[in-house]
Amino acid sequence: MSTLRALRAEHYPRATEHIPEMVAMITTLLEQGNAYMADGDVYFRIATFPAYGELSHLDRAGLRPGARVSTDKYDKESVSDFALWKKSQPGDEKLGAGWDAPFGLGRPGWHIECSAMSKRYLGDTLDIHAGGIDLMFPHHENEIAQSEAANHKTFARVWLHSEHLADATGEKMSKSAGAFTTLRDLLNAGHDPLAIRFFLIANAHYRARLRLSNETLHSAAEQVRRLREFADRVNRTQPAAEDDANFTARVAEVRTGYREALDDDLNLPHGIGLVFELIREANAALDAERVGEQGLAELRGLIDEVDAHLDVVHAEEPGLAEEVERLIAEREDARKSRDFAKADRIREDLRQRGIALEDSKEGVRWRRVK
RNA sequence: GGCGACGUAGCCAAGUGGCAAGGCAGAGGUCUGCAAAACCUCCAUCCCCAGUUCGAUUCUGGGCGUCGCCUCCA
């Protein structure tokens, strides 16, 4: 997660350390009649929760009971009732998977932990509950049922379900099917972490399936490079004597558009599109020296705002390697004496070491490349 | 079989009832000692058919195709 520069959560609660919270919630559900015991297990009684299925627009009548009954041969009242607590099975204790509860030795069902732990750390009502689209049913549906039945409060105000990452063929990456690519794989293949980050959050809308391929990652890497080049240029450019009011207004306009795109269900791809459009215009304006003090300030403000979300521009400011600077100076001397063979050799040597040089009016710049 | 999502240029992708953002890749230029970066120019009858409409990629219906969920992976 740190490779991708993801922020850490405040809490990483462990289910096994919150058994009492789960037991308490199950007890409440039992007392209220939202749950019942059957053959030593505790099940949630879906019949007591009419809203069940609303999140996933599931028509319970359309469920195929056959599919689960074969593996779930217990005395449930309804096939869709799900387990809150399962009595200990032979062998459970060896694994340390057995806890004492008023309703018998056993282990929690596999949805109750989320209800119990989110209640403890975040309260009865969450502002936003996020998760992968495949968790919508049954996991989130069950969470809602448990939490709302127990707490008598709305469980989550907003649900944010993201689509899956898929491989280049469009198939969902699946751990069980053995078809997946790890972050480590990508890094080993030479992909830049920042490019991977950009790809993941900005390549497509979060509700659209992302397809991972060398081509999409390369595209992301180029976009990151372009953003960074531009930010770099804005930072080292001296303001023009006068501002072009039209240009300054244009930057503000894009900034507003960017915000509106994000406000519209986090449409980052759209917002980024606006920003790239502006970058082209801004580069042209910078060439024409139409950007003064105010224009530069506007541009910096926009970059900062965008990078607050992308976090790929200000990331890892590489310190200037003294040797690179020395070689650049040496090459400059060679160029001044028109010894281009030597100048090109130095540039090529650096290139081999992953350092690219760019000559410009403001001097020589260098950056890391693959 | 049930429920749902999607189908936009070589690739990724946004979007709207009124001549289709952006990025990558590609072609040609400008600039440069050569490059790089940057800029300019070029590159799509929006899966098919029918309907509604003055007008549909955008709405409706029907196809075809891809994918997801309906499994105690959570």
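Convention: sequence-line order gives letters A, B, ...; per-chain numbering from 1.
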- [ ] Answer yes or no: does a side-chain N or O of A/Arg211 lie under 4.0 Å from OP1 or OP2 of B/rA13?
- [x] yes
- [ ] Determine, for A/Arg331 against A/Asp344, whether the closest basic-nitrogen to carboxylate-oxygen distance falls under 4.0 angstrom.
- [x] no
TODO: Sorted by first residue and then second, give each ring pair (Phe, Tyr, Trp, His ring centres under 6.0 Å) pair with at least one member in residues 223-273 of chain A; sequence neighbours left out.
DONE: A/Tyr258-A/His309
Open item on the list: Need the pair for B/rG26. Rule: Watson-Crick or G-U wobble, both distances under 3.5 Å, any strand; none if unpaired.
Closed with: B/rC42
Task: Pair partner, B/rU60 [Watson-Crick or wobble, under 3.5 Å] - done: B/rA50
- [ ] Look at all strands and tell whether A/Arg345 reaches a base, only sugar-phosphate, or nothing, counting heavy atoms closer than 4.0 Å.
- [x] nothing
Open item on the list: At 4.0 Å (heavy atoms only), tell me whether A/His164 reaches a base, stays on the sugar-phosphate, or touches nothing.
Closed with: nothing
Open item on the list: Could you report the tightest heavy-atom contact between A/Gly295 and A/Asp243, atom names first, then the distance?
Closed with: N-OD1, 2.9 Å
Open item on the list: When the P atoms of B/rA38 and B/rG23 are compared, how many Å lie between them, rounded to an integer?
Closed with: 11 Å
Task: Integer angstrom distance from the P of B/rA56 to that of B/rG28 - done: 39 Å
Open item on the list: Among B/rC12, B/rC34, B/rA14, which nucleotide has an atom closest to any side-chain atom of A/His205?
Closed with: B/rA14
Task: A/Lys119 bridged to A/Asp124 by N-O distance under 4.0 Å - done: yes
Task: Close side-chain approach of A/Leu227 to A/Val312, heavy-atom, < 4.5 Å - done: yes
Open item on the list: Given B/rC11, B/rG33, B/rG68, identify the nucleotide with an atom nearest to the side chain of A/Glu215.
Closed with: B/rC11
- [ ] Kindly say whether, by distance alone, the side chain of A/Arg209 makes a donor-acceptor pair under 3.5 Å with the base of B/rA5?
- [x] no
Open item on the list: Here's a test of your reading of the structure: between A/Phe340 and A/Ile272, which maps to the more 5' nucleotide of RNA chain B?
Closed with: A/Ile272
Task: Distance, rounded to the nearest Å, where A/Asp81 contributes CG and B/rC72 contributes P - done: 14 Å
Task: Euclidean distance, atom CD1 of residue A/Ile112 to atom C1' of B/rC72 [Å, nearest integer] - done: 15 Å
- [ ] Take atom P in B/rG4 and the same atom in B/rU8, then report the distance between them in whole Å.
- [x] 22 Å
Task: Centroid-centroid under 6.0 Å between A/His140 and A/His161 rings - done: yes
- [ ] Verify the contact: side-chain N or O of A/His139 to OP1 or OP2 of B/rC73, cut-off strictly under 4.0 Å; return yes or no.
- [x] no
- [ ] Between protein and nucleotides 36-43 of chain B, map the contacts as a letter string: B base, S sugar-phosphate only, - none, heavy atoms under 4.0 Å, written 5' to 3'.
- [x] BSSSS---
TODO: Determine whether the aromatic ring centres of A/Tyr121 and A/His18 lie less than 6.0 Å apart.
DONE: yes
Task: A/Lys86, nearest nucleotide to its side chain (from B/rC72, B/rC12, B/rA14) - done: B/rC72
- [ ] Taking the side chain as every heavy atom from C-beta outward, state whether A/Glu229 and A/Ile279 have any atom pair closer than 4.5 Å.
- [x] no
TODO: Using the C1' atoms only, state how far B/rA44 lies from B/rG51, rounded to an integer number of Å.
DONE: 25 Å
TODO: Round to the nearest Å and state the distance from A/Glu277 atom CD to B/rG15 atom C1'.
DONE: 13 Å
Task: Whole-angstrom distance between B/rU66 and B/rG15, as gauged at atom P - done: 25 Å
Task: From NZ (A/Lys153) to OG (A/Ser147), nearest 0.5 Å - done: 11.5 Å
TODO: In whole angstrom, give the distance that lies between atom CG of A/Leu268 and atom C1' of B/rG15.
DONE: 15 Å
Open item on the list: By nearest heavy atom, map A/Ala220 and A/Arg207 onto RNA chain B; which one lands nearer the 5' end?
Closed with: A/Arg207
- [ ] Give one of base, sugar-phosphate or nothing for A/Asp344, where a contact means two heavy atoms less than 4.0 Å apart.
- [x] base
Task: Touch class at under 4.0 angstrom, heavy-atom based, for A/Glu113 against every strand present - done: sugar-phosphate
Task: Nearest listed nucleotide, side chain of A/Leu135, among B/rC69, B/rA74, B/rG33 - done: B/rA74
Task: Complementary nucleotide for B/rG4 - Watson-Crick or wobble, under 3.5 Å - done: B/rC67
